[in-house]
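From a predicted model like this one, the values you see are computed outputs, not experimental measurements. Chain identifiers are assigned alphabetically (A, B, ...) following the order of the sequence lines, protein sequences preceding nucleic acid strands; residue numbering begins at 1 within each chain. The figures here come from the full heavy-atom set of this structure, side chains too, leaving out hydrogens, waters and symmetry mates.
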There are 4 protein chains.
Amino acid sequence: MARPLSEEKREAILAAAAELIATSGTGASTASIAKAAGVAEGTLFTYFATKDDLLNQLFLEIETNLAQTMMAAYPAKGGSRERIRHLWDRLIAWGAANPTWRKVLRQLKVSGRITAESRRRSNALFRESRELVEQSMAGHVDPERMSFYIDTVLIGLADMTIDAMAASPKKQHEHLKQAGFDLYWKGTAV
Amino acid sequence: MARPLSEEKREAILAAAAELIATSGTGASTASIAKAAGVAEGTLFTYFATKDDLLNQLFLEIETNLAQTMMAAYPAKGGSRERIRHLWDRLIAWGAANPTWRKVLRQLKVSGRITAESRRRSNALFRESRELVEQSMAGHVDPERMSFYIDTVLIGLADMTIDAMAASPKKQHEHLKQAGFDLYWKGTAV
Amino acid sequence: MARPLSEEKREAILAAAAELIATSGTGASTASIAKAAGVAEGTLFTYFATKDDLLNQLFLEIETNLAQTMMAAYPAKGGSRERIRHLWDRLIAWGAANPTWRKVLRQLKVSGRITAESRRRSNALFRESRELVEQSMAGHVDPERMSFYIDTVLIGLADMTIDAMAASPKKQHEHLKQAGFDLYWKGTAV
Amino acid sequence: MARPLSEEKREAILAAAAELIATSGTGASTASIAKAAGVAEGTLFTYFATKDDLLNQLFLEIETNLAQTMMAAYPAKGGSRERIRHLWDRLIAWGAANPTWRKVLRQLKVSGRITAESRRRSNALFRESRELVEQSMAGHVDPERMSFYIDTVLIGLADMTIDAMAASPKKQHEHLKQAGFDLYWKGTAV
DNA sequence: TATGAATGAGCCTTCATTCAT
DNA sequence: AATGAATGAAGGCTCATTCAT
């Protein structure tokens with residue numbers, strides 16, 4: 001049945017797209033992406049119907065990875081603080097390990113090219129871990145502020161912390177990670 | 001009899017640019033901006049040498065306004081908490097009053113088109129108010145964390161708070177503003 | 001164990017090509033034709049070396065069918081008028097029965113992609129019937145005008161008549177067919 | 001008020017388009033048209049918003065010219081036959097003088113890119129001359145066949161006649177023109 | 001100075017054809 | 001023989017910038 005679509009190529013395209021979008025924004029041309037991925041211009045379109053399709057799939061790819069990281073790492077046991085702390089460490093580690101993806105996410109979120117459908121799917125990916133976080137925070141925070149603390153602040157603050165780390169010498173990293181967590185934990189206490 | 005550049009036109013162009021960039025990103029065409037400003041395509045280039053120039057001036061225009069707002073509002077007297085609280089309220093009010101500018105800032109910051117020079121100037125604009133904040137926070141926070149709390153977190157958290165407010169019914173606004181401030185104040189306490 | 005080319009597939013491709021070319025012109029993509037024919041994109045090229053080859057074969061397929069219709073129907077006996085009239089009826093019936101093919105022929109003729117060779121073969125297909133028509137018209141027309149009346153006008157006028165019929169309510173069809181024939185017969189009389 | 005749109009350039013583009021479309025069909029690229037017209041690729045789009053727009057304007061340009069030719073030439077006096085004959089001569093002369101336009105018209109009509117609006121405008125252009133023809137033919141033809149004779153056959157037959165002329169040596173031209181007219185006049189007689 | 005036509009590089013996408021499977 | 005992924009040359013159109021008026 002002819003040559004099958006190569007998962008390898010698909011990922012090469014997504015990786016090339018990530019690299020270029022992190023650098024030049026979503027304006028990066030499909031031609032440059034194809035070239036960086038080592039395929040012909042036309043080939044990109046056998047893997048992704050349109051550029052928007054590529055952008056949305058890239059978005060979901062990254063969100064999936066992040067969601068999996070959060071889930072995989074969530075501790076089943078321990079006190080609230082320890083569990084959230086562990087999650088926090090994971091979040092920071094993920095961001096530090098994936099600077100390109102962070103930049104891409106920022107570009108995509110601001111691009112106006114991520115569809116409502118993609119956002120819905122992304123939310124679904126985080127549903128489970130979000131619920132675990134909510135349980136862990138239950139006794140610690142004012143219930144009325146729960147959504148704000150989890151849906152808005154948690155990842156946003158982690159993001160800011162990683163930014164600060166990226167702009168600082170390595171020896172300060174641990175210190176900043178602690179400062180970020182303290183801010184979150186103390187700040188959210190009822 | 002060289003007619004002088006009209007400040008009125010310059011501002012019309014900046015305003016039109018803000019509106020369109022908020023909506024469509026920095027990809028908004030100079031032609032569309034000129035049209036929205038009510039001037040000819042070519043006229044835009046007698047006020048701004050290049051599109052990047054326009055973008056950078058717009059960036060500084062907005063940052064200047066925000067910096068002035070912060071300075072103008074800073075209370076000379078009162079306890080630390082009250083002064084920071086007042087600043088916080090100002091920040092939130094500015095964001096709520098200028099949703100377009102907030103969107104533009106976000107677009108410009110990820111666009112990769114704001115020069116190092118512009119960023120430096122922007123920092124300079126905030127120097128004075130930053131110092132006042134530092135004084136107010138002096139006894140309250142661990143000095144080693146001062147820069148993180150002021151340079152990274154303060155505006156970032158205000159931004160997130162405004163986002164959350166924008167996504168909520170009006171009757172929750174006050175509550176969110178309070179939640180944001182509590183988070184900041186309690187979280188930064190030594 | 002070379003599988004022989006399947007006549008069935010060849011015709012499926014030609015039929016699909018006819019359908020799509022009638023609708024979208026010769027710009028119809030080979031991919032869309034293959035899909036409509038239920039074969040793979042590449043398969044089309046094992047049956048037709050190039051798109052132009054497909055177009056030319058389609059042209060000849062239709063011309064062959066029309067020529068056969070004309071020959072098969074030509075009455076051996078009867079007066080000139082009756083024989084031409086019978087032919088006329090055949091022509092009209094063929095056109096009414098094969099609207100897609102008529103559209104395709106029109107597209108192909110203006111496409112500039114039908115080779116001189118194909119046109120020559122097409123002429124050859126009509127040679128015999130053309131001679132019969134010439135014999136039937138012999139006493140009726142000025143010999144110097146014979147070629148014009150047969151080679152240019154006959155099919156052209158039939159074409160126009162079918163167009164007019166297609167644009168009219170059914171009850172007028174017979175009337176138009178008669179009008180067309182009258183025009184031809186009376187108009188060509190010496 | 002800056003450089004005004006140049007009617008000269010507009011017509012150069014239309015002329016270049018006509019030349020290329022006559023030769024290669026509506027598939028002629030906008031790049032090749034611009035080049036042939038001696039303007040930059042982008043310039044074409046300041047005169048015609050889209051390629052379809054160019055095609056439709058070209059269509060109307062040609063139809064307008066033909067309609068004007070017919071009107072300008074229509075004799076106010078004389079018998080029916082003489083008036084139709086005069087019109088016939090005009091039609092043939094126009095076709096012989098404008099072989100490129102005839103080819104273009106054929107291409108455009110078959111292209112599926114002429115809008116309903118353009119066809120409606122085209123009809124409007126011919127309304128007046130059509131009425132004059134109808135008056136001239138009034139006593140000569142069966143009223144029920146009037147529309148068929150005027151709207152379908154007249155121009156179609158002239159077209160065919162010009163084709164035959166174009167394919168014949170010059171000394172036969174007059175003869176063919178006569179043969180075409182005879183066919184029309186005698187054929188339409190009641 | 002203000003205008004908007006002119007420019008041509010660049011963008012996303014399509015397509016006939018080839019070739020690995 | 002059949003399949004459909006791979007290819008890269010176009011194609012239509014947009015856009016920042018220049019320049020004649």
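The two residues C:Glu63 and C:Phe126 make their nearest non-hydrogen contact at O-CZ, 3.7 Å. Of all the heavy atoms in D:Leu55 and D:Arg113, the pair that sits closest is CD2-NE, 3.6 Å. Of all heavy-atom pairs spanning D:Ala40 and D:Ala34, the tightest one is O-CB, 3.7 Å.
A sub-4.0 Å separation between OP1 or OP2 of E:dA2 and a side-chain N or O of B:Thr46 is present. Look at C:Tyr47 and you won't find any side-chain N or O under 4.0 angstrom from OP1 or OP2 of F:dA1.
If you find the closest nucleotide of DNA chain F to A:Leu5 and to B:Phe45, the one lying nearer the 5' end belongs to A:Leu5. Mapping C:Gly38 and B:Thr50 onto DNA chain F by nearest heavy atom places C:Gly38 closer to the 5' end of the strand.
Atom CZ of C:Phe48 and atom P of E:dC15 are 20 Å apart (whole Å). Atom CD1 of C:Ile33 and atom C1' of F:dT3 are 18 Å apart (whole Å). Counting to the nearest Å, the P atom of E:dG10 and the NZ atom of A:Lys35 are 12 Å from each other. A straight line from CG of C:Asp52 to C1' of E:dT17 spans 13 Å, rounded to a whole angstrom. As a whole-Å value, the separation of A:Arg3 CZ from E:dA20 C1' is 5 Å. One can place CG of A:Leu55 at 14 Å from C1' of E:dC11, the figure rounded to the nearest angstrom. Rounded to an integer number of Å, the gap from CG of D:Leu44 to P of E:dT7 is 11 Å. Separating the CG atom of B:Asp53 from the C1' atom of F:dT18 is a distance of 17 Å, rounded to the nearest angstrom.
The pair A:Glu61-A:Arg10 meets the salt-bridge criterion, with a side-chain N (NZ, NE, NH1 or NH2) lying under 4.0 Å from an Asp/Glu carboxylate O.
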Test side-chain contact (heavy atoms from CB on, under 4.5 Å) applied to C:Ile62 and C:Asn98, step by step: CA-CA 10 Å; C:Ile62 300 174; C:Asn98 301 285; over 6 Å; no

Apply side-chain contact (heavy atoms from CB on, under 4.5 Å) to A:Phe48 and A:Thr30, showing your working. CA-CA 11 Å; A:Phe48 305 94; A:Thr30 53; over 6 Å; no

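Stem list for DNA chain E (at least 3 consecutive Watson-Crick or G-U pairs, distances under 3.5 Å): E:2-21 with F:2-21.
Between the side chains of D:Thr26 and D:Gln107, no donor-acceptor pair is found at a separation under 3.5 Å. Side chains of A:Thr43 and A:Thr46: a donor-acceptor N/O pair is absent below 3.5 angstrom, by distance only.
Atom OG of residue B:Ser6 and atom CD of residue B:Glu11 lie 9.0 Å apart, to the nearest 0.5 angstrom.
Looking only at side-chain heavy atoms (C-beta outward), C:Leu60 and C:Arg121 come within less than 4.5 Å of each other.
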Nucleotide N/O to protein N/O under 3.5 Å, stretch nucleotides 8-11 of chain F:
from	atom 1	to	atom 2	distance (Å)
F:dG8	N7	A:Gly42	N	3.3

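For DNA chain F, none of the residues of residues 6-19 of chain D falls under the heavy-atom distance limit of 4.0 Å.
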